[in-house]
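In what follows, a single structure is set out as structure tokens and then discussed.
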There are 2 protein chains.
Amino acid sequence: MVPPEPEAPAKPGFRVWYNCALAVDIVLLTIRHEQLHVLLINRSEPKAGQLALPGGFVLPDEDLPDAALRELGDETSVRVDVRHLEQLQTYGRPGRDPRARVVSVAYLAITPDLPEPRAGTDAVGASWRPVRQLLGRSSLAFDHDTIVADGVERARSKLEYSTLGAAFCPADFTVAELRRIYEIVWGTQLDPRNFHRKLTSADFLEPTGETTTRDGGRPAALYRVRKDATGIMNPPLLRKTD
Amino acid sequence: MVPPEPEAPAKPGFRVWYNCALAVDIVLLTIRHEQLHVLLINRSEPKAGQLALPGGFVLPDEDLPDAALRELGDETSVRVDVRHLEQLQTYGRPGRDPRARVVSVAYLAITPDLPEPRAGTDAVGASWRPVRQLLGRSSLAFDHDTIVADGVERARSKLEYSTLGAAFCPADFTVAELRRIYEIVWGTQLDPRNFHRKLTSADFLEPTGETTTRDGGRPAALYRVRKDATGIMNPPLLRKTD
DNA sequence: ATAATAGTGTCTGTCAGACAATATCTA
DNA sequence: TAGATATTGTCTGACAGACACTATTAT
């Protein structure tokens with residue numbers, strides 16, 4: 001991590017005091033081995049040895065999403081095919097970092113299943129961890145447990161009314177593969193026949209014309225996300241309410 | 001506005017560089033004269049004379065929601081009955097403030113109709129402005145037009161699946177008063193009979209036992225929000241999709 | 001009585017959930 | 001052939017929207 005400039009670039013006539021260290025943290029989710037995983041790093045200083053989210057300080061003239069993607073590349077040194085990136089929330093409780101006032105803008109990112117990431121310069125190592133083993137526990141440095149929980153909840157919620165689920169899939173995918181995304185992220189079973197009817201009557205998929213038998217059985221039609229898709233699924237696919 | 005401390009409180013063994021001026025901005029919404037209004041201030045320096053959202057820099061050991069409420073009080077010097085406060089989004093595009101790197105955490109706040117606010121120390125004046133006259137135009141300082149638009153859209157959206165609408169109402173209110181909130185914020189007409197059936201069968205209202213004739217006609221039962229309400233309206237009340 | 005608003009009952013079209021039935025592949 | 005998965009079709013109960021109807025106040 002490269003520390004940013006300590007001094008404010010004050011313009012003539014104005015004097016602005018810098019009052020915090022601004023960072024970004026990234027909750028990068030994917031599905032591996034039929035389970036939802038989040039990318040974590042082994043921290044060096046501070047909190048050496050603890051697991052934490054990838055992230056770091058924002059550079060002086062860098063926009064926030066750019067900082068998120070840069071830190072993801074720096075710390076994992078793997079070309080991650082980030083298919084979705086959205087701002088999650090900002091965490092600024094005093095004392096959340098022992099060094100100073102560090103305020104972190106968290107981002108939620110989604111990627112399809114990819115090869116194992118390798119450690120970069122800043123991190124001793126980076127690895128995918130199953131989300132199930134993290135939720136409810138206190139396993140991560142700083143307030144990163146909370147950030148992961150918020151990110152997972154955002155993803156679960158957005159599956160209902162957006163096309164986010166497709167970001168977990170390769171470019172071309174079958175309806176059943178998309179259904180498995182929903183089942184894994186929501187932790188529920190969905191009726192394959194009703195799901196198929198619902199998704200093919202939604203407006204964001206288009207058939208590629210190809211079929212595949214990679215899941216066995218009768219060949220399944222391959223679909224892709226329409227280029228003119230809005231990102232909103234209409235009508236929504238609502239979760240069961242307990 | 002009191003500028004925060006310029007130096008980082010570095011702890012032994014660590015050195016952290018402060019890289020931005022962190023601020024909060026507040027989108028405070030209410031309904032006055034059957035229209036959605038947002039609270040704006042007349043800026044002093046910089047952007048003197050322009051309209052802007054109330055807000056200011058975060059103090060060294062201050063939590064973000066506290067900073068939002070403090071700035072609201074400082075700049076409008078009126079006891080605003082803030083009935084809802086949630087983080088909206090963080091705006092950090094380089095160059096959004098001409099002085100320096102200013103990153104602002106925006107908050108959405110809701111209040112019932114209240115007496116006219118008066119100017120405080122930091123602002124030349126504060127006043128309610130109809131949201132209709134702002135949306136789509138470029139009327140405000142910095143990127144505050146965008147922030148207002150995002151705040152209004154969040155409010156519109158949350159009416160569907162949360163109890164947010166009640167935050168626009170006094171403590172005790174009738175179903176018709178709540179319905180008018182929905183009609184004004186959404187800009188649509190709702191069937192009074194279906195709305196009544198839907199809201200009274202939802203789980204977040206409880207009757208006070210009192211009635212009122214303040215809207216004329218047959219006395220209407222008064223309701224309040226249940227103390228154990230979750231904030232989530234179940235089932236949701238969906239807007240018409242065009 | 002008339003006007004105004006509150007609240008209830010009923011009908012109908014749509015849709016989610018359950019599930020039968022059929023289609024097309026591999027072993 | 002059996003077994004697996006894909007896809008279509010059908011039934012049913014719940015519910016949103018439309019709206020007739022009744023209730024209770026003020027003038």
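Worth knowing before you read on, the calculation uses all heavy atoms, side chains too, and leaves out hydrogens, waters and symmetry mates. In what follows, every chain begins at residue 1, and chains take the letters A, B, ... in the order their sequences are listed.
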*Identify, with sequence neighbours excluded, every residue that meets side-chain contact (heavy atoms from CB on, under 4.5 Å) alongside A:Thr211.*
A:Pro219

_Any donor-acceptor pair, under 3.5 Å, between the side chain of B:Arg197 and the base of C:dG9, if you only look at N and O atoms?_
no

Pull out every protein N or O sitting under 3.5 Å from an N or O of nucleotides 2-6 of chain D, one pair per line with the distance.
unit_1 : atom_1 : unit_2   : atom_2 : d
D:dT5  : O2     : A:Arg218 : N      : 3.2
D:dA6  : N3     : A:Arg218 : NH1    : 3.0

*Restricting to pairs with a member in residues 181-198 of chain B, which pass salt bridge (Lys or Arg N to Asp or Glu O under 4.0 Å), not counting sequence neighbours?*
B:Arg179-B:Glu183, B:Asp191-B:Arg193

In residues 161-171 of chain A, what donor-acceptor pairs under 3.5 Å come from side-chain atoms, sequence neighbours left out?
unit_1   : atom_1 : unit_2   : atom_2 : d
A:Ser162 : OG     : A:Lys158 : O      : 2.6
A:Ser162 : OG     : A:Leu164 : N      : 3.1

*Check the surroundings of atom CZ in B:Arg132: do more than 12 heavy atoms from other residues, nucleotides or ligands lie under 6.0 Å from it?*
no

*Report the distance from atom CG of B:Leu238 to atom P of D:dA14, rounded to the nearest whole Å.*
19 Å

*Can you figure out which of D:dA18, C:dA21, D:dC21 approaches the side chain of B:Asn194 most closely?*
D:dA18

*Residues that A:Arg96 engages under salt bridge (Lys or Arg N to Asp or Glu O under 4.0 Å), provided they are two or more places apart*: A:Asp143

*Partners of B:Thr200 by side-chain contact (heavy atoms from CB on, under 4.5 Å), sequence neighbours excluded?*
B:Val175, B:His196, B:Tyr223

_What I want to check is whether an N or O donor and acceptor connect the side chain of A:Arg193 with the base of C:dA16 at under 3.5 Å._
no

*Using atom CZ of B:Phe195 as one end and atom P of C:dG7 as the other, report the distance to the nearest whole Å.*
12 Å

